[in-house]
**Student:** 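Got a structure for you, written out below as structure tokens; questions coming shortly.
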Amino acid sequence: QAQLVESGGGLVQAGGSLRLSCAASGRTFDNDAVGWFRQAAGKEREFVATIRWQGGIKFYSDSVKGRFTISRDFANNTVNLQMNSLKPEDTAVYYCAADRRGWGTRWTHEYEDWGQGTQVTVSS
């Protein structure tokens, strides 16, 4: 069964950096859009960033724009999220998701495949 697997989470001090990766197991991204979402304790899941595998068009939420960078790695069939200048409010479980239609929106219901999530904790 095809699935997505996140890696790279951990504990970091405010101002630090982390790099998350999303790998597809059992299939390739081909025409997908791959997004990153996050969910803090007691809050709803929110959009972080998305990228279209074909063409590389990217969108970011206002809260991470200028600090996070989403990218494609064709050789490894992964989508990465470089997170710089991290803040305590970035603390959450981060999920990657794939929209097989390739649109890449901010809406969770438009993504069919989801990973299990990876914890990111930013200490002050």
Side-chain angles (χ1 to χ4, degrees):
Q1 182 177 357
Q3 62 179 3
L4 304 181
V5 179
E6 304 96 337
S7 62
L11 172 65
V12 65
Q13 289 188 332
S17 298
L18 282 174
R19 183 179 178 87
L20 305 183
S21 288
C22 174
S25 174
R27 69 178 184 89
T28 57
F29 287 129
D30 288 345
N31 298 309
D32 295 14
V34 180
W36 285 96
F37 294 79
R38 66 187 182 187
Q39 188 166 17
K43 296 187 176 181
E44 293 187 354
R45 193 168 298 188
E46 66 173 4
F47 168 75
V48 175
T50 190
I51 186 168
R52 295 177 181 173
W53 192 257
Q54 296 295 330
I57 296 175
K58 310 172 186 181
F59 300 100
Y60 297 93
S61 69
D62 288 343
S63 62
V64 307
K65 196 173 297 182
R67 299 188 297 123
F68 291 11
T69 302
I70 191 169
S71 63
R72 304 164 293 171
D73 183 336
F74 289 105
N76 295 302
N77 195 46
T78 60
V79 171
N80 302 313
L81 186 69
Q82 178 66 41
M83 306 186 295
N84 298 329
S85 302
L86 283 162
K87 306 175 182 179
E89 51 264 44
D90 294 318
T91 295
V93 177
Y94 283 69
Y95 299 88
C96 70
D99 169 8
R100 299 191 184 209
R101 298 164 301 178
W103 294 355
T105 72
R106 62 178 57 243
W107 311 112
T108 58
H109 67 270
E110 293 189 348
Y111 291 78
E112 296 92 347
D113 302 318
W114 289 82
Q116 293 299 307
T118 185
Q119 177 70 46
V120 171
T121 303
V122 185
S123 63
S124 57

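Count residues from 1 along the sequence.
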**Student:** Measuring from R38:CZ to S61:OG, what's the distance to the nearest 0.5 Å?
**Tutor:**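 So the gap between those two atoms works out to 6.0 Å.
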**Student:** To the nearest 0.5 Å, tell me how far L4 CG sits from T78 OG1.
**Tutor:**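 One finds 11.5 Å between CG of L4 and OG1 of T78.
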**Student:** Salt bridge check: are K65 and D62 linked by an N-O gap of less than 4.0 Å?
**Tutor:**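 A salt bridge links K65 with D62.
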**Student:** What are the two closest non-hydrogen atoms of D90 and S85, and how far apart are they?
**Tutor:**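 Where D90 meets S85 most closely, the heavy atoms are OD2-O, 4.4 Å.
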**Student:** Using the six-membered ring of F29, assess whether NZ or CZ of R72 lies under 6.0 Å from its centre and within 45 degrees of the ring axis.
**Tutor:**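 Not flagged: R72 not positioned over aromatic ring of F29.
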**Student:** Who are the side chain to side chain donor-acceptor pair (under 3.5 Å) partners of S7, not counting sequence neighbours?
**Tutor:**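 Side chain to side chain donor-acceptor pair (under 3.5 Å) list for S7, sorted by chain: empty.
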**Student:** Can you tell me which residue pairs pass the side chain to side chain donor-acceptor pair (under 3.5 Å) test with a partner in residues 49-60, sequence neighbours excluded?
**Tutor:**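 Counting only pairs at least two positions apart or across chains, the side chain to side chain donor-acceptor pair (under 3.5 Å) contacts touching residues 49-60 are T50-Y111.
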**Student:** For side-chain hydrogen bond (donor to acceptor under 3.5 Å, both in side chains), just list the numbers for N80 and Q82, CA-CA rounded to whole Å, side-chain angles, deciding distance to a tenth of an Å, and then say yes or no.
**Tutor:** CA-CA 6 Å; N80 302 313; Q82 178 66 41; over 6 Å; no
**Student:** Considering non-hydrogen atoms only, spot the tightest contact between V120 and M83 and give its length.
**Tutor:**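 Taking V120 first and M83 second, the nearest heavy atoms are CG2-CE, 3.9 Å.
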**Student:** For the side chain of E112 and the backbone of R100, is there at least one donor-acceptor N/O pair under 3.5 Å apart?
**Tutor:**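 Judged by distance alone, yes, a pair lies under 3.5 Å.
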**Student:** Say you draw a straight line from CG of D73 to OG of S21; how long is it, rounded to the nearest 0.5 Å?
**Tutor:**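 Result: 8.0 Å between the selected atoms.
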**Student:** Parallel, tilted or perpendicular: which one describes the rings of F37 and F47, with boundaries at 30° and 60°?
**Tutor:**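 Plane angle over 60°, so perpendicular.
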**Student:** Please evaluate residues E6 and Y94 with respect to the criterion side chain to side chain contact (heavy atoms under 4.5 Å, CB included), reporting the C-alpha separation (whole Å), side-chain torsions for both, the decisive distance (0.1 Å), and the verdict.
**Tutor:** CA-CA 8 Å; E6 304 96 337; Y94 283 69; over 6 Å; no
**Student:** When rounded to the nearest 0.5 angstrom, what is the spacing between OG1 in T118 and CG in L18?
**Tutor:**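 It comes to 9.0 Å.
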**Student:** Working to the nearest 0.5 Å, report the span between CD of Q119 and OG1 of T91.
**Tutor:**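 Reported to 0.5 Å precision, the distance equals 7.0 Å.
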**Student:** Is there a donor-acceptor pair under 3.5 Å between the side chain of Q3 and the backbone N or O of G115?
**Tutor:**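 Flag not set: sc Q3 to bb G115 has no pair under 3.5 Å.
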**Student:** Of all heavy-atom pairs between P88 and S124, which one has the smallest distance, and what is that distance?
**Tutor:**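 The answer is CG-CB, 3.9 Å.
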